[in-house]
Amino acid sequence: MADDTFSLILFSGTDDKLHAAAVLAVGAAAMGRPVNVFLQYWALDAFREDRVLKDHGMVPEAGEDGARAFQEHGAAHWIELFEQAKDLGGVTINACADSMEMFGLTQDDLHPVVDGVWGVARFFMEAGAGATFI
Amino acid sequence: MATTEITRSIDARGMACPGPLMELIGAIRRGQVGDVYEVLSSDEGSKTDIPAWVEKARHELVEVVPEDGYARFVVRKAR
């Protein structure tokens, strides 16, 4: 576990939050920081192989104007950004074992950017001094 | 100043953050030491991100030239 590890807990499964998280992961990886991502609840659901590319909506405060601005911004899809982050190196993405159980999933159900399934203690073994929750 | 010979020009105008930086990182990874890359970016984040990454990754920022509606970043692969 490196001291400058950027730990990111993803809970929400809307496209805007996943996109914001993916941008942070890419930025941290580009700056040479290890990145440790943990997927829970609706974020995990969005990483299901058959659901990654579907419309996951926006948080309520986006409203119609916000949703339109997001769509017209021309940003890369969040899964593509996570792939780029992993390609930079030092990025691991793991699914929360408890959320996996809740949804009845196995790793085969998930997009290949997901490295494995971890319990929460295993995540914190790699988390360093702090974690960011999105 | 003398004109620097550009190995490859990357037109990343219109790409959202962090697209232009990722294009530069990809080019530098595949390139040779001494190569010079020019990135054209209209993304505001590039103004801080490209210099920050170049410093962190220990390459050389040759110049940043503001143009009309975008900026031109010239970077030499140093290692």
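Just so you know, these numbers come straight off a predicted model, no measurement behind them. Hydrogens, waters and symmetry mates are skipped; everything else that's a heavy atom, side chains included, is used. To find a chain, count down the sequence lines: A is the first, B the second, and so on, and within it residues start at 1.
- When all heavy atoms of A75(A) and A16(B) are compared, the closest pair comes out as CA-CB, 3.8 Å.
- The number of heavy-atom neighbours closer than 6.0 Å to CD of E101(A), taken from other residues, nucleotides and ligands shown, is 12 or below.
- Inter-residue side-chain proximity for M22(B) and L88(A) is flagged as met; some heavy-atom pair is nearer than 4.5 Å.
- Using a 4.5 Å heavy-atom cutoff, the side chains of R29(B) and D87(A) are in contact.
- The hydrophobic clustering, which links ILVMFWY residues whose side-chain heavy atoms are closer than 4.5 Å, places I6(B) and I25(B) apart.
- Cluster annotation: I134(A) is connected to V113(A) through the hydrophobic network of ILVMFWY side chains, with a link wherever side-chain heavy atoms come within less than 4.5 Å.
- At most 12 non-hydrogen atoms from other residues, nucleotides or ligands lie less than 6.0 angstrom from OH of Y41(A).
- In this structure, CG in L21(B) is found 9.5 Å from CD in Q84(A), a value given to the nearest 0.5 Å.
- If you measure heavy-atom distances from A52(B) to chain A, the contacts under 4.5 Å come from both the backbone and the side chain.
- L53(A) and W78(A) fall within a single hydrophobic cluster, where Ile, Leu, Val, Met, Phe, Trp and Tyr are joined by side-chain heavy atoms under 4.5 Å apart, directly or via other members.
- Taking CD from E55(B) and CE from M31(A), the interatomic distance works out to 7.5 Å, rounded to the nearest 0.5 Å.
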